[in-house]
*Asks:* 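Dumping the structure here so I can ask a few things about it.
A quick note: this is a predicted structure, and the numbers were derived from the prediction, not measured. Lettering follows sequence order; numbering is per chain, from 1.
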Amino acid sequence: KNGAGTSSHKQGNHEGLPLRVAVASNFSPTAHKIVTSFEAGTNAKVSISSASSGKLYAQIKQGAPFDVFLSADAIRPDLLVKEGYAVAASNRVYAHGRLVFWVPGVSGNESTCRQLLYSGQLTRVAMANPDVAPYGYATRQTLTALGLKNPVFTLIFGENIGQTFAFIHAGGVAAGFIAASQWQLSNRSGCAWEVGTQYHAPIAQRAVLLNRASNNALARRFLDFLHSSKTQAKIKASGYLLGDQ
Amino acid sequence: MDWFPGAGPLLLTAKLAAITVIGLLIVGTPLAWWLALGVQQNKSRWHGYVRVVVEALVALPLVLPPTVLGFYLLMAMGANGTLGQWWIGLTGEPLAFSFTGLVIASMIYSLPFVVQPLSNAFQSMGRDWMEAAWSLGANRWQTWLRVVVPHCRAGFLTATVLGFAHTLGEFGVVLMVGGNIPDETRVVSIAVYDLVESMSYGAAHKLSLILLGFSFLILILVYGFNRRWSRL
Amino acid sequence: MDWFPGAGPLLLTAKLAAITVIGLLIVGTPLAWWLALGVQQNKSRWHGYVRVVVEALVALPLVLPPTVLGFYLLMAMGANGTLGQWWIGLTGEPLAFSFTGLVIASMIYSLPFVVQPLSNAFQSMGRDWMEAAWSLGANRWQTWLRVVVPHCRAGFLTATVLGFAHTLGEFGVVLMVGGNIPDETRVVSIAVYDLVESMSYGAAHKLSLILLGFSFLILILVYGFNRRWSRL
Amino acid sequence: MLVCDISLKRDEFELKMAFEHNGAGVVGLFGPSGCGKTSFLRALAGLEPATKGRIVVAGQTWQDDRAGINLPPWKRRLGLVFQEHRLFPHLNVKNNLLFASKVRRLSKAQYSWPEVLELLDLQTLLERKPGQLSGGESGRVAIGRALLSDPDILLFDEPLSGLDAPRRAAILPYLERLHEQTRIPMLYISHQMSEMLRLTDRMLMLSAGNITADGVTLELAYQLDTNLLSILEVELLHWDQQSCIASVQSGADVLRIWSPQRPTSKHFRVLVDARQVVLATQLLEHSSLLNQLACKVEKVIPGDDGLCLLNLVGQGWKLKSQISLLSLQNFGLIVGDKVYAGVKAVILKGN
Amino acid sequence: MLVCDISLKRDEFELKMAFEHNGAGVVGLFGPSGCGKTSFLRALAGLEPATKGRIVVAGQTWQDDRAGINLPPWKRRLGLVFQEHRLFPHLNVKNNLLFASKVRRLSKAQYSWPEVLELLDLQTLLERKPGQLSGGESGRVAIGRALLSDPDILLFDEPLSGLDAPRRAAILPYLERLHEQTRIPMLYISHQMSEMLRLTDRMLMLSAGNITADGVTLELAYQLDTNLLSILEVELLHWDQQSCIASVQSGADVLRIWSPQRPTSKHFRVLVDARQVVLATQLLEHSSLLNQLACKVEKVIPGDDGLCLLNLVGQGWKLKSQISLLSLQNFGLIVGDKVYAGVKAVILKGN
Ligand SMILES: Nc1ncnc2c1ncn2[C@@H]1O[C@H](COP(=O)(O)OP(=O)(O)OP(=O)(O)O)[C@@H](O)[C@H]1O
Ligand SMILES: Nc1ncnc2c1ncn2[C@@H]1O[C@H](COP(=O)(O)OP(=O)(O)OP(=O)(O)O)[C@@H](O)[C@H]1O
Ligand SMILES: [Mg+2]
Ligand SMILES: [Mg+2]
């Protein structure tokens, strides 16, 4: 009952058909950069579809025409492999997410920034929903580790890390835990504390080759390109830790 | 939240939908009235143009994706937004991520679903029955209660149902402006969404079914009573 | 996608919204007619009940959050869903992640916005003018075109505007069922959503403005013509 | 030609009408408010789905339950003036008038646009919307709309009730002429006996959904108006154009009656109002009474209000006269007495 | 008491009406379709916002542009019967009738529920919705609704036009009585001269938005009906209950006229139809003509249809008679001749 495989009418990489990459929203700005350089190197066309990892997972199971899946977590690629929708051998971590605690309205160094969490000055702090988003899950671990399991401030949950950033950007919340990649992209005003990996389990983001593209050479080339050291350097520069530890 | 994951959000949603619909009816009715009948008395060309513009503006929030609309509303309601600052000055509380903010956002988004059916109802009623009521001594208020409202019953019903259902189901705006705070702004639509996203499909189905069943019941009751009443 | 990130999605959205509205008018009009006037002739109690249930069912898709509704639609239309398999058997193509699937999903979600205003319009029109038209020799079709449609113009206009605008702005269902595939199912609402999510706020503002301006223009034109026409 | 035998049941009302009519003459429907006149027209027009029975108009079967025929309203070629007019509010007067000709694709020849416009004085109203018309104006448009629909039968539901006397006086002859020229059957509802007398030849009296009387209008009117009308069957002898006086034979007597036009048929009926019959015990000379007929008092019906009615029998005719009790006493009249009945020359309706 | 001096401009129509009326008597509005009768009632009721001028009813100023007064419609205490009835479709007949008493919080004493119900025969209709009424039935409900609203003035827009003669005959005396008892002013629109004669004392003739004539109904009717009516001012001498005959003095002559009730005032008017006046060159004996009055031919107006009209002058009164040209020739009558005018005793309207 391999839906993706049987129902696909456009199996493999035929000339002119773009490679379809499903990308978790949080990685999509970086993915665009990667794709641009990949396209330049291969003359192939790659289209990016971004949504939350949860949506993409559900869609892939319903036969979505994606060739490669760049998830924001490890759970969903693993599940896809287990359920027979993805090629097991291709399932690799392409990046690790990093958390940043950001207070745009206050200037100061990392430690003053971190102290703000305890100061009581903050009434609200934004974070990604721990039940839904990997960054949220990591944030919760971090808060626990910081002894802030029942903080004085109200936690505002974003549907994902993108929305969490939007909360702060729009001026709705004064501070929040966002992805380092986002902080890189922003104007980096105010103060920020880069949360160390000791506070939470790694936010491993895995990429898999989906069944419909198991014979697609271009897809394999894209995955290779993703894991290549040149790309990995780019990913690191965008605010992630490197893939395979 | 103890005995069942959906209880808190369900109550909150019902409250939000009810307050939003009531607020919308209060705000939307005069607006619809003005759109339908207000301009006839004042025949100037200019008024006609204003009316068309207002009509278009009412429908405009619809065309933005809810999350995006929510984003802009958040910008307005946030600490740096005009509305937000004014509100803080007024009440001392921030507007964003508060229940009040949620109500305002829901109202903006659902406004056309309330205004349009009402406006149509008022327009197709015309002035004839109002004139009859006036001539029998009913003042504006009595005419409104005894003639306009029963006469435009279908319009009010549609406005209420669409407004209510849309507020129940809306979550893009609500998520953005409300921030998914348990017992404060986590409405049931967000809860179901979270369950689906976190692959808790069983609980999601259950909550969806409850939501659907509950809504179906309300709708059946409302439409049933309406039929009853119109047959009297 | 070359000269401007929104061009492709904009065209796709316009196409989707137009087809959805046309489809909705085709499907919704007879349904609204039946709800408004169909039962009067057949006076049995049973028909009344059926009508109430159908009325409630039409509004029901509204109460589910779009993404959740989209999730269930995806399950139905997907490769493993009943509808999806039937469709593949019929056309050889999958329904989910296709433009057709998108149209169907949008139609289900926007149905009440089209059916309700039409039903109200038909109901408040009543049979009087139709009887007059019949007595003058107009058959059903002529009566429809020459009397019912102009008479229920406001209802059709509202149905079209609400249906169109809602399809423009909807993205939860569309994202789920369509899968955000560039040039195929990435409508403008998803594009804006993506831009906001990936922090391209500048581009998001630009695209939102274009969407708003464009919609505003259309609405102004539609309402303006409507006013013109009703004054003739 | 109209054959109809229908029934229609409502909650508290049942209509049962059966009659035939062969083209000649207008049929009037007369009866109290709520007796079913409008319902009958609606049933004929196919607007009451609960109607049972058979309807044949101009040789075409519109409804026949046994044969399973039931034409929809738009296939029944009729011109219906609704009691509430029902002009299309979204169309101006002109397009209301042209509606039927558009949907029935009539050629210009089939309808008499300028004639109807002039008759109903609609020229200045053409661009108006129905909401901008007075009650009578909208009634006129409704009549025009029905006339211009090239019907096989005309159904008029109190068409003139909102119109002033001069306009009524202008429209009635047109309807008479229309009927005579086209010979299409016409059903006419009115509460004005004068309109009935003027326009209809046959009258159906309705009560609670049933035909209680069916006959020549004059005769029914005679029965109706508390017997104040009497009818003389006369034969035309001579009509003098200059004086507009017709000499007619009634029984053994010759009467002179006023008639501005030459009576169209040799045999016709004259209606005489009992209140206009002067009695005398001798021949009155030197009076303006054109007719003085010798007759006998057949019956004296005294009223309780100072008036009494006398039935008079002449040689081959009958007449009624209403006089005051005082005159009766003055004369000392009793049944069997010989009197002269003086009648001024007024013709009410010839047939 | 009603004072009004208003104007109302529409695109193609302008209303200009100024008149006063002091409580006594019903005012009739008479004029062709589209002359502005309904517009005038609407202006009075405050339903035409463009109305300019001054309206005072029962001592209360409803509108006065100079004083800046303009009462909204619901503060103008009036009972208006709309030409199209306008029953509330969502209320049954009973609640339509009770509408005014509810919104005006009338006590039971202020309206005569059983009386109105019986008069208008509404008992069986109370539970019906307006959509289930016939035209005449809805008209009756509309009249009832206005009557039950305890008004300071009644405005009736063709209230009886859809009703049968017996019902009209039942309602008219009630309106007469109502008016006499309550003395509230009443404006009455109708196209039936008979209703005007019966009910109204004063008549305003309208044409194109202006009052073209304003006066006693009888006199206007006399002028109107191509002069077929004449009026005698008489003084009551004696009324005999048994014969229902009143002897009245008119100029130097005594007339006997039929009147089932004793005339309510000493001086009143008698209306005589020229078609009922018989002429004779000698006194006619042995006839049922109760009155034969010596008079002179003042004027002969020949028509072109075989009839002619004669103006007659008696001793202190004037009368008209319509006879055929043939009779005129038979008599050889010319102006100045002495004749006898024979009149049967019919009283049309006393005042
Ligand atoms: N809403 C309106 N807009 C423009 N003109 C109007 C409107 N209503 C009436 N008129 C015009 O005003 C004039 C007076 O109308 P009104 O209704 O007062 O006539 P009416 O005397 O009541 O006639 P009828 O006896 O036919 O009812 C008519 O020429 C009519 O066409
Ligand atoms: N839609 C309806 N539903 C139920 N009863 C109705 C309906 N329409 C009319 N009736 C009733 O049917 C009877 C006949 O009505 P119809 O309209 O035929 O009377 P009509 O003779 O035309 O009276 P009018 O002279 O007052 O117009 C009346 O008793 C009326 O109350
Ligand atoms: Mg009727
Ligand atoms: Mg009028």
*Asks:* Given heavy-atom pairs under 4.5 angstrom as the criterion, report whether the side chain, backbone, both or neither of His205(B) touches chain C.
*Replies:* both
*Asks:* Which class fits the ring pair Phe113(B) and His166(C): parallel under 30°, tilted 30 to 60°, perpendicular over 60°?
*Replies:* perpendicular
*Asks:* To the nearest 0.5 angstrom, please state how far the CG atom of Leu168(B) sits from the CG atom of Leu64(C).
*Replies:* 9.5 Å
*Asks:* Could you pull out the closest heavy-atom pair between Ala59(B) and Ala165(C), with the gap in Å?
*Replies:* O-CB, 4.3 Å
*Asks:* May I ask you to name which of Val161(C), Leu212(C), Val192(C), Val222(C) has the most heavy-atom pairs under 4.5 Å with chain B?
*Replies:* Leu212(C)
*Asks:* Using every non-hydrogen atom in the two residues, find where Pro65(B) and Leu211(C) come nearest and quote the distance to one decimal.
*Replies:* CD-CD2, 4.3 Å
*Asks:* Hey, could you give me the CZ/OG distance between Arg153(B) and Ser124(C), rounded to the nearest 0.5 Å?
*Replies:* 12.0 Å
*Asks:* Let's test your reading of the structure: which of Ser208(C), Pro112(C), Pro117(C), Pro61(C) forms the most heavy-atom pairs below 4.5 Å with chain B?
*Replies:* Ser208(C)
*Asks:* Is there a side-chain contact between Arg51(B) and Tyr223(C) (heavy atoms, below 4.5 Å)?
*Replies:* no
*Asks:* Look up atom CD in Gln116(C) and atom CG in Asn120(B), then write down how far apart they are to the nearest 0.5 Å.
*Replies:* 12.0 Å
*Asks:* Heavy atoms, side chains only, cut-off 4.5 Å: are Ser119(C) and Thr158(B) in contact?
*Replies:* no
*Asks:* Heavy-atom distances under 4.5 Å only: say whether Val196(B) touches chain C with side chain, backbone, both or neither.
*Replies:* side chain
*Asks:* Please report whether the ring centroid of Tyr201(B) lies less than 6.0 Å from that of Phe71(C).
*Replies:* yes
*Asks:* Rounded to the nearest 0.5 Å, how far apart are CG of Leu69(B) and OG of Ser189(C)?
*Replies:* 12.5 Å
*Asks:* Apply side-chain contact (heavy atoms from CB on, under 4.5 Å) to Ala121(C) and list each qualifying residue two or more places apart in sequence or on a separate chain.
*Replies:* Cys152(C)
*Asks:* Please determine, among Glu170(C), His151(C), Met125(C), Glu55(C), the option with the most heavy-atom pairs under 4.5 Å with chain B.
*Replies:* Glu55(C)
*Asks:* Which heavy atom in Leu57(C) sits nearest to a heavy atom in Phe216(B), and how many Å separate them?
*Replies:* CD2-CE1, 3.8 Å
*Asks:* Sequence neighbours left out, what passes salt bridge (charged side-chain N to carboxylate O under 4.0 Å, His left out) with Asp194(B)? Give chain and number order.
*Replies:* none
*Asks:* Which bit of Phe164(B) comes within less than 4.5 Å of chain C, counting heavy atoms only: side chain, backbone, both or neither?
*Replies:* neither
*Asks:* Heavy-atom pairs under 4.5 Å with chain B - which of Leu219(C), Thr167(C), Val174(C) has more of them than the others?
*Replies:* Leu219(C)
*Asks:* Of all the heavy-atom pairs spanning Pro66(C) and Gly169(B), show the shortest one and how long it is.
*Replies:* CD-O, 3.3 Å
*Asks:* Less than 4.5 Å to any heavy atom of chain C: does that hold for the side chain of Ser215(B), its backbone, both, or neither?
*Replies:* both
